[in-house]
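What follows is a short report on a single structure.
So you know, we letter chains A, B, ... as the sequences are listed, proteins then strands, and number each from 1. Heavy-atom basis, side chains included; hydrogens, waters and symmetry copies ignored.
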Amino acid sequence: MGKSDIGGHPVYRTPMKQWVLKITKYAESLLNGLEDLDWPENIKELQKNWIGKSEGVEINFSIKDSSEEPIKVYTTRSDTLFGATYMVIAPEHPLVDTIVTEKQKKAVEKYIKETQKKSDFDRTEINKDKTGIFTGSYAINPLSKEEMEIWVADYVLISYGTGAIMAVPGHDERDWEFAKKYDLPIKEVVKGGDVTKAAFIDKGDAIIVNSSHPDTLSIDGLTVEKAIKKTIQYIEKKELGTGAVNYKLRDWLFSRQRYWGEPFPIIHTDDGSETVKEEDLPVMLPEVENYKPSDDGKSPLSTIKSWVEVKDSSGNIVGLRETNTMPQWAGSCWYYLRFTDPLNRDNSWSKKKEKYWMPVDLYIGGQEHAVLHLLYSRFWHHVLHDLGLVSTKEPFKKLYNQGMILGDDGAKMSKSRGNVVNPDDIIDEYGADSMRLYEMFMGPLNKSKPWNTKGLQGCYRFVNKLWAIIVDEEGKLSSKIAEDITPDKETLHLHHTTIKKVGDDIENLHFNTAVSQLMIYCNHLQKCNKISRDLIVDLVKVSAPFMPHLSEEFWSLLGNKDSLAYENWPDYDEQLTQTDEVTVVVQVNGKLRANITLAKDSDETTAVNAALALEKVENYTSKGSIVKTIYVPNRLLNFVVK
RNA sequence: GCCGCGGUGGCGGAAUUGGUAGACGCGCUGGUCUUAGGAACCAGUAUCGUAAGGUGUGAAGGUUCGAGUCCUUUCCGCGGCACCA
């Protein structure tokens, strides 16, 4: 038995009445909604797997010599029905009691008791040795008409499908393992493997064998896919079962026995339960000294009599408040909606504001929320949408996962490893702008990357460099900066390229290359003796997202009263981002041999002539004859020589 | 086991999407300045080679005039799921 982390108290299982949200009703909706979202593929995949849709068929297996209702099983592989040689029902299955024979009763009861003792973890441990017990009863395979032993085993879960399976040991690894252990028959019905050695589970183009019976049907020779279709058709026609869909997604346990959490607005009365009247909402937590758990495992709220008891005007107790509280998710599932209208006292949000702001254009968050938060809030939003309370079906249009900053040893930061970097210390020493800049510069936003204080120092150096360009030693605007300067061609080119690239990179969340461009530009400006004031104005604006504090400082030094935050992004001249001379690479047989500088958009003849005039190139081309010339304007010239 | 992501210098990472691999930064080497240390600045820095030149994006093949980028096989690392019938 486990012990609690704090205090080392024993942990045990106990049945409790809880609140559950029926998220399973929205499984299909949540799955379909994923399609149009601009989310990372892996997150969509995680949600898809979490929902775990599977399509198959539910089939009734009648019990031999019994008038009891048949056992219903769920399978996705109805093509292997002829290979089903035994059945297994979960220990919790309601039919266990009625099926078990007198002779086996004791053994089965003992087995069920044992499984009850196991934790969920032990029961689902994959490498666990499978256990089970024969019930003494038999079922009839509806297609092969053969008798099948019915077993109870805890490798079948009551919570999935129908809680009962047809076992096909030839083509299912779990069933194969179980059949081997208990010496149950293994039958090959899909060709391609050796079922005496292992279950053969490939589907691909595999062909069905040993699957016909004169009184039912034959699927021999069909592919798995076709056999599935044909068997389902037959099963439905003969009313042996129906097509069915299953999801792994479970209903959502939504109550906690804690103080901190929204109370459920429910009052229990002698006649049942009712919701708190709208004018009495919200139900607030009582202010108390002690919110430690109670001794009996109930919510701490249950011990606060004055809060629990709801009285009418004459002081009679008319009901008792629900004392469970909601989990943290209750807030995180809809906070973004409240953000659209945070001061609204009458409603959670107004339709107008919701319509204006929603959906969230870009949601940046960690990958750890891939399934829980991001699935739960989608669920709430779907429900709200169905209730007509929000205007979009999906809450978050684009999702982006930022990577984690690791310790300088490349491992996740943790106190026990001693590799934690405290931002406050960094900010004290280098300033918030240097830290921000470094975090942007480290690498792609979505990648995890190790912290490196040396790298941060590089950014700190850059910040100082920029300061030195703009500010003189007395803290005034540098005398290098003047109104009447005409920038040279190179400076102008760099300037416009920088505005363009930084803007584009921000748009694409490529902050690291945006910073790099700023560095390139500043390295150049540093060498200039005179700099036009106009250029500095723009530079300060494009630096602002990366160094907001310093940029404001520069902005005010430039004589502005208002915040830089109100400025527009500067324009750039596309013409000036281009150069009129380009370097064209000359290759011979794909190997780099020389560079030539040409006027922009030169034609092929000009390029070829310029290239062949070079001795370096000529040396190679003269070794044979030029059979082909590839020219990519402004880029490359390649001679194919044979 | 299944699904997803990723392997580029000593390190973090660039590469206009098939067209000069290594931008920018760190580190390192040499230099200027300095009594010295630090800072700052200048030059160099994938690798083998004195050079000419050769080789290089985890590995092996393939497509192409040309591959970090596309295709096939394979190895390694990270994340998620895991008896879901």
Open item on the list: Anti or syn, where syn is a glycosidic angle within 90° of 0; which label fits B:U17?
Closed with: syn
Open item on the list: I'd like the C1' distance from B:U20 over to B:A46, given in whole Å.
Closed with: 15 Å
Expected rows: protein N/O vs nucleotides 61-66 of chain B N/O, under 3.5 Å:
{"from": "B:C65", "atom 1": "O2'", "to": "A:Asn638", "atom 2": "ND2", "distance (Å)": "3.4"}
{"from": "B:C65", "atom 1": "O2", "to": "A:Asn638", "atom 2": "ND2", "distance (Å)": "2.4"}

- [ ] With C1' as the reference atom in both, quote the distance from B:U8 to B:G53 in angstrom, rounded to an integer.
- [x] 24 Å
- [ ] With side chain to side chain contact (heavy atoms under 4.5 Å, CB included) as the test, would you mind laying out the steps for A:Phe462 and A:Phe441 before giving the verdict?
- [x] CA-CA 12 Å; A:Phe462 168 67; A:Phe441 183 60; over 6 Å; no
TODO: Just call it for A:Thr583: base, sugar-phosphate, or nothing, with non-hydrogen atoms closer than 4.0 Å on any strand.
DONE: base
- [ ] Return the set of residues passing side-chain contact (heavy atoms from CB on, under 4.5 Å) with A:Thr577 (not counting sequence neighbours), or none when no residue passes.
- [x] A:His496, A:Thr497, A:Lys500, A:Tyr572, A:Glu574
TODO: Write down the distance between CE (A:Met440) and P (B:G13), rounded to a whole number of angstrom.
DONE: 14 Å
- [ ] Give A:Pro40 one of three labels, base, sugar-phosphate or nothing, depending on what nucleic acid heavy atoms sit under 4.0 Å from its own.
- [x] nothing
- [ ] Return the value, rounded to whole Å, for the distance between atom NE2 of A:His171 and atom P of B:C83.
- [x] 23 Å
Task: Sequence neighbours excluded - side-chain hydrogen bond (donor to acceptor under 3.5 Å, both in side chains) pairs with any residue from residues 599-608 of chain A - done: A:Gln578-A:Lys600, A:Asp601-A:Asn634, A:Asp603-A:Thr606
Task: RNA chain B contacts made by residues 367-374 of chain A, counting heavy atoms under 4.0 Å - done: none
TODO: Mind calculating the distance between CD (A:Glu45) and P (B:C78) to the nearest angstrom?
DONE: 22 Å
Task: Side-chain H-bond candidate by donor/acceptor type, A:Thr24 with A:Arg250, under 3.5 Å - done: no
Open item on the list: What is the separation between atom CD on A:Gln526 and atom C1' on B:A40, rounded to the nearest whole Å?
Closed with: 9 Å
Open item on the list: Tell me the closest heavy-atom pair linking A:Thr162 and A:Tyr74, and the distance in Å.
Closed with: OG1-N, 3.6 Å
Task: P spacing across the pair B:U64 / B:G49, given as an integer number of angstrom - done: 36 Å
TODO: Could you go through the side chain to side chain contact (heavy atoms under 4.5 Å, CB included) check for A:Phe546 and A:Ile506 one step at a time?
DONE: CA-CA 10 Å; A:Phe546 305 95; A:Ile506 290 175; 3.9 Å; yes
Task: Validation row, ring centre A:Tyr363 to ring centre A:Trp39 under 6.0 Å - done: no
Task: Side chain of A:Thr513 - closest among B:G12, B:G80, B:A14 - done: B:A14
Task: Ring-face cation of A:Lys130 near A:Tyr155 (centre distance under 6.0 Å, axis angle within 45°) - done: yes
TODO: May I have the distance from A:Asn49 (atom CG) to B:C5 (atom P), rounded to whole angstrom?
DONE: 12 Å
Open item on the list: Between B:C11 and B:G58, how many Å separate the two P atoms, rounded to a whole number?
Closed with: 13 Å
- [ ] Please confirm whether A:Tyr438 and A:Trp451 have ring centers closer than 6.0 angstrom.
- [x] yes
- [ ] Measure across A:Gly407 and A:Pro450 and return the closest heavy-atom pair with its distance rounded to 0.1 Å.
- [x] O-CB, 3.5 Å
Task: Integer angstrom distance from the P of B:C48 to that of B:A39 - done: 29 Å
Task: P spacing across the pair B:A85 / B:C78, given as an integer number of angstrom - done: 29 Å
Open item on the list: Distance check needed: B:U16 P versus A:Lys501 NZ, whole Å only.
Closed with: 9 Å
Task: In B:G68, glycosidic geometry as syn within 90° of 0 or anti otherwise - done: anti
TODO: Can you measure from CG (A:Leu456) to CE (A:Met442) and round to the nearest 0.5 angstrom?
DONE: 9.0 Å
TODO: Please figure out whether A:Thr76 or A:Lys616 has its closest RNA chain B nucleotide nearer the 5' end.
DONE: A:Lys616
Open item on the list: The criterion is side-chain hydrogen bond (donor to acceptor under 3.5 Å, both in side chains); which residues satisfy it with A:Lys465, sequence neighbours excluded?
Closed with: A:Asn523
Give every pair of a protein N or O atom and an N or O atom of nucleotides 55-58 of chain B that lie under 3.5 Å apart, one pair per line with the distance.
{"from": "B:U55", "atom 1": "OP2", "to": "A:Lys591", "atom 2": "NZ", "distance (Å)": "2.9"}

TODO: Round to a whole Å and report the spacing from CH2 of A:Trp451 to P of B:G12.
DONE: 16 Å
Task: Pair listing, ring-ring contact (aromatic ring centres under 6.0 Å, His included) test, anchored in residues 617-642 of chain A, at least two apart - done: none
Open item on the list: For the P atoms, the ones on B:C24 and on B:A14, what distance do you get once it is rounded to whole angstrom?
Closed with: 14 Å
Open item on the list: Run the salt bridge (Lys or Arg N to Asp or Glu O under 4.0 Å) test against A:Asp504 and tell me which residues pass, sequence neighbours left out.
Closed with: none
TODO: Mind checking side-chain contact (heavy atoms from CB on, under 4.5 Å) for A:Pro70 and listing every partner two or more places apart, or none if nothing turns up?
DONE: A:Asn60
Open item on the list: Which nucleotide wins on minimum distance to the side chain of A:Arg635, given the candidates B:G19, B:A85, B:A15?
Closed with: B:G19
Open item on the list: In whole Å, measure the gap between the P atoms of B:C28 and B:U47 for me.
Closed with: 16 Å
Identify the pairs formed between an N or O of the protein and an N or O of nucleotides 24-27 of chain B at a distance under 3.5 Å, and give each distance.
{"from": "B:C24", "atom 1": "O4'", "to": "A:Ser516", "atom 2": "OG", "distance (Å)": "3.3"}
{"from": "B:G25", "atom 1": "OP1", "to": "A:Asn523", "atom 2": "ND2", "distance (Å)": "3.0"}
{"from": "B:C26", "atom 1": "OP1", "to": "A:Arg461", "atom 2": "NH1", "distance (Å)": "2.8"}

Task: Contact list for RNA chain B against residues 78-87 of chain A - heavy-atom distance below 4.0 Å - done: none
- [ ] Counting heavy atoms from C-beta on, name the nucleotide in B:C83, B:U20, B:G4 closest to the side chain of A:Leu592.
- [x] B:U20
Open item on the list: Walk me through whether A:Thr131 and A:Tyr111 qualify under side chain to side chain donor-acceptor pair (under 3.5 Å).
Closed with: CA-CA 9 Å; A:Thr131 57; A:Tyr111 177 77; 2.9 Å; yes
Task: Partner residues of A:Asp409 under the side-chain contact (heavy atoms from CB on, under 4.5 Å) criterion, sequence neighbours left out - done: A:Ala411, A:Arg417, A:Asn419
TODO: Provide, to the nearest angstrom, the distance between the OH atom belonging to A:Tyr74 and the P atom belonging to B:C83.
DONE: 16 Å
Open item on the list: Using the side-chain heavy atoms of A:Ser54, tell me which of these nucleotides is nearest: B:A85, B:U20, B:C81.
Closed with: B:A85
Task: Residue closer to the 5' end of RNA chain B, A:Val585 versus A:Ile165 (nearest nucleotide) - done: A:Val585
- [ ] Please report the closest heavy-atom contact between A:Gly241 and A:Ile235, naming both atoms and the distance.
- [x] N-CG2, 3.3 Å
TODO: State, yes or no, whether a side-chain contact exists between A:Ile630 and A:Leu637 at a heavy-atom distance under 4.5 Å.
DONE: no
